[in-house]
Amino acid sequence: MEAAPNPPVVDSAPENADGASAPKRRPPRVRPGDWVCPTCQVNVFASKSECFKCQAPKPENAAPAVAAPRLDDWICPNCQASVFASKSACYKCSTPKGDNAVTAPRGEGRGGRGRGRGRGRGPRSGAAADGAPREPRAPREKKEDTPQPGFLGLPPTKVPLVDVGINLMHKSFAKSLDDIVKRSIENGVTTLIITGTTEPASQAALELAQTFKLAEPPTEVATGTKPSRMLYSTAGVHPHDAKRWEDTTLATLRKLLAEDGKGIAVAVGECGLDFNRNFSPRPVQEEVFEHQVKLAVELELPLFCHEREASESFLAILDKVPGADKLRVCVHCFTGTEDELKEYVRRGFYLGFTGCICDERRGKSLRPLLPLVPLDRIMLETDAPFMMPTGARGRNEPANLVAVLRTAAEAYGKPEEDVAKATTENAMRFFKL
């Protein structure tokens with residue numbers, strides 16, 4: 001399904017100081033009958049009966065689509081990113097747009113507005129400045145379709161670590177899985193818990209955890225208490241994929257956790273709510289999350305949870321399901337507020353932290369919160385291939401968990417070995433490894 005088109009259009013404009021015509025953008029075109037999705041606020045074609053982004057059905061009283069005033073993009077006061085005028089929060093750090101938001105300079109909006117071909121760039125590519133024909137360009141080398149390496153090469157930890165959340169089924173790991181796992185172990189990250197995010201992904205994660213063997217034994221450097229296995233998995237449906245929940249999904253997850261993968265599939269999840277991106281309609285997210293909370297209560301397994309900008313509804317569902325108050329709950333990849341963190345700690349939840357805390361910009365508001373989490377309630381994860389600790393581009397990998405450990409130890413003001421030992425013990429207790 002497609003959104004209403006928003007093509008860049010250049011109009012004539014008053015001459016600038018150099019006498020050249022300054023490019024100006026018209027607002028995106030909106031066709032008659034286009035409508036606004038009431039759930040995620042995107043424009044949808046008049047011919048469509050549901051939203052292309054969140055699959056919400058078109059209501060009878062759908063509001064007509066309105067072109068966004070693209071000339072009023074604004075600057076995020078937190079990370080200084082330029083944000084579309086139609087957005088009420090920053091796309092990078094989720095900071096809400098304030099009443100006194102500074103307007104972004106023309107040409108610096110998100111996506112590089114004003115940088116299109118033929119806009120004041122001089123002669124066309126086929127001619128030099130003096131009009132003489134140019135020599136043909138040499139053909140570009142074809143780039144290999146491989147992910148950019150993201151191993152940070154940090155010194156290994158001496159105490160075994162558990163990466164409690166890694167998307168090892170991601171396609172970027174497919175061609176180098178053996179190297180990734182071996183490098184992880186040699187860097188002291190000796191146990192990986194593969195996150196299940198959909199019904200088929202949960203099945204594949206369990207199969208990998210059961211059958212994977214390294215081609216060559218790694219050189220282990222970390223010594224101390226650690227789980228008996230190298231790989232474990234979880235089974236659940238992520239809120240982004242809640243719209244794909246089927247009548248048979250619950251039975252499949254139950255079988256994976258209670259029969260096929262007993263002792264290896266160690267938690268229900270990743271499940272929860274995401275009211276920031278709304279890739280699935282909110283009511284569907286809530287219903288699917290409640291199904292999985294009930295399953296965790298039934299099987300007496302922990303919940304590995306995703307919660308973003310949905311804390312109130314998240315807690316309401318946990319309060320609603322009988323027996324959920326006795327569950328072990330981990331809010332993974334925590335990026336919320338201080339008040340939310342304090343409430344989760346008060347309830348005895350575990351909190352997972354990723355490389356986000358290492359990034360100078362993204363982790364600025366999170367690092368001061370770490371000491372508010374008791375040392376027996378914190379767990380570490382990479383969420384690889386995402387959440388690169390440096391904020392740089394590249395495919396994150398479990399060996400980089402050492403960076404998260406060192407940032408956490410610095411925030412707690414404790415020796416690295418003490419924090420490593422505590423987080424490993426927490427993971428073993430939470431998942432019963």
Side-chain angles (χ1 to χ4, degrees), residues 151-169 173 177-196 205-206 208-235 257 261-267 269 301-302 304 328 330 332-333 350-355 373-384 389 396-409 412 414-433:
F151 176 48
L152 298 179
L154 298 173
T157 174
K158 298 178 181 178
V159 177
L161 289 177
V162 178
D163 186 347
V164 302
I166 174 172
N167 302 286
L168 208 56
M169 305 310 302
F173 290 132
L177 192 58
D178 195 88
D179 291 338
I180 291 293
V181 176
K182 183 179 179 183
R183 189 157 55 233
S184 169
I185 295 173
E186 291 179 342
N187 226 41
V189 186
T190 57
T191 303
L192 312 178
I193 301 180
I194 311 168
T195 305
L206 174 59
L208 180 65
Q210 289 174 324
T211 61
F212 180 78
K213 292 182 180 180
L214 286 170
E216 297 180 1
T219 303
E220 296 195 39
V221 295
T223 57
T225 304
K226 64 179 182 180
S228 58
R229 294 184 59 84
M230 180 172 54
L231 298 180
Y232 294 87
S233 70
T234 69
L257 292 159
K262 192 169 184 179
I264 299 177
V266 291
L301 286 172
F304 190 66
R328 302 187 302 283
C330 173
H332 109 103
C333 191
Y350 290 70
L351 288 103
F353 290 92
T354 67
V373 182
L375 202 55
D376 65 351
R377 285 295 182 272
I378 182 174
M379 294 192 288
L380 305 181
E381 53 181 322
T382 57
D383 204 21
N396 194 14
E397 60 177 82
N400 294 335
L401 190 65
V402 177
V404 185
L405 166 66
R406 286 170 185 160
T407 301
Y412 277 101
K414 293 182 178 294
E416 177 185 317
E417 290 77 9
D418 292 353
V419 177
K421 182 179 178 182
T423 59
T424 297
E425 289 176 350
N426 295 343
M428 294 177 68
R429 180 172 61 253
F430 180 83
F431 294 105
K432 292 188 175 180
L433 305 181

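Residue numbers start at 1 and run along the sequence shown. Source: prediction; values computed, not measured.
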- Task: Decide yes or no for Val159 and Leu405: does some side-chain heavy atom of the first lie under 4.5 Å from some side-chain heavy atom of the second?
- Result: no

- Distance in Å, Thr423 OG1 paired with Met428 CE, rounded so as to fall on 0.5 Å steps: 11.5 Å

- Task: Answer whether the closest heavy-atom distance between the side chains of Ile193 and Thr234 falls below 4.5 Å.
- Result: yes

- Item | Approximate separation, where rounding is to 0.5 Å, of Leu177 CG and Leu208 CG | 5.5 Å

- Message: Please determine whether side-chain contact (heavy atoms from CB on, under 4.5 Å) holds for the pair Val164 and Tyr232, giving the CA-CA distance in whole Å, both sets of side-chain angles, and the decisive distance to 0.1 Å.
- Response: CA-CA 9 Å; Val164 302; Tyr232 294 87; over 6 Å; no

- Item | Partner set under ring pair (Phe, Tyr, Trp, His ring centres under 6.0 Å) for Tyr350, not counting sequence neighbours | Phe430

- Note on the structure: Minimal heavy-atom distance between Ala205 and Ile194, with the atoms involved, is CB-CG2, 3.7 Å

- Ignoring hydrogens and angles, tell me if any N or O in the side chain of Thr157 forms a donor-acceptor pair with the backbone of Gly188 under 3.5 Å. no

- Heavy-atom check, side chain of Leu214 versus side chain of Ile185, under 4.5 Å: yes

- Please tell me if the side chains of Thr407 and Phe353 come closer than 4.5 Å, counting only heavy atoms from C-beta onward. no

- Message: Checking Thr382 against Asp163: is there a side-chain donor and acceptor pair closer than 3.5 Å?
- Response: yes

- Query: Any side-chain heavy atom of Tyr412 sitting closer than 4.5 Å to one from Asp418?
  - Reply: no

- Task: Test Phe431 against Met379 for side-chain contact (heavy atoms from CB on, under 4.5 Å), laying out the working first.
- Result: CA-CA 11 Å; Phe431 294 105; Met379 294 192 288; 4.2 Å; yes

- Item | Exercise: identify the closest heavy-atom pair between Leu152 and Ala403 | CD1-CB, 4.2 Å

- Item | Distance in Å, Glu425 CD paired with Leu433 CG, rounded so as to fall on 0.5 Å steps | 12.5 Å

- Query: Okay, side chain of Thr424, backbone of Pro160: is any donor-acceptor separation there less than 3.5 Å?
  - Reply: yes

- Query: Any donor-acceptor pair under 3.5 Å linking the side chain of Asn167 with the backbone of Ala384?
  - Reply: yes

- Task: Identify the heavy atoms of Leu192 and Ser184 that sit nearest to each other, and give their distance.
- Result: CD2-OG, 3.6 Å

- Message: Can you see whether Asn426 engages Asp376 through a side-chain donor-acceptor pair at a distance of less than 3.5 angstrom?
- Response: no

- Message: How close do Ala408 and Val419 get, counting heavy atoms only, and between which atoms?
- Response: CB-CG1, 4.4 Å

- Exercise: identify the closest heavy-atom pair between Pro156 and Val221: CB-CG2, 3.7 Å

- Query: Between Arg229 (side chain) and Ala209 (backbone), is there a donor-acceptor pair under 3.5 Å?
  - Reply: yes

- Between Pro389 and Asn396, is any pair of side-chain heavy atoms under 4.5 Å apart? yes

- Task: Run the salt-bridge test on Lys182 and Glu216 with the 4.0 Å N-O cut-off and return the result as yes or no.
- Result: yes

- Query: Is it true that a side-chain atom of Glu416 and a backbone atom of Arg406 form a donor plus acceptor pair closer than 3.5 Å?
  - Reply: no

- Query: In Å, rounded to the nearest 0.5 Å, how long is the span from NZ of Lys262 to CG of Leu206?
  - Reply: 14.0 Å

- Task: Search all heavy atoms of Asn187 against all heavy atoms of Leu154 and return the closest pair with its distance.
- Result: OD1-O, 3.3 Å

- Message: Could you check whether any side-chain heavy atom of Val266 comes within less than 4.5 Å of a side-chain heavy atom of Pro302, counting everything from C-beta outward?
- Response: no

- Message: What's the separation between atom CZ in Arg377 and atom CZ in Arg429, rounded to the nearest 0.5 Å?
- Response: 6.0 Å

- Less than 4.5 Å apart, any side-chain heavy atom of Thr195 and any of Glu381? no

- Message: How long is the straight-line distance from OG1 of Thr354 back to CG of Leu401, given to the nearest 0.5 Å?
- Response: 10.0 Å

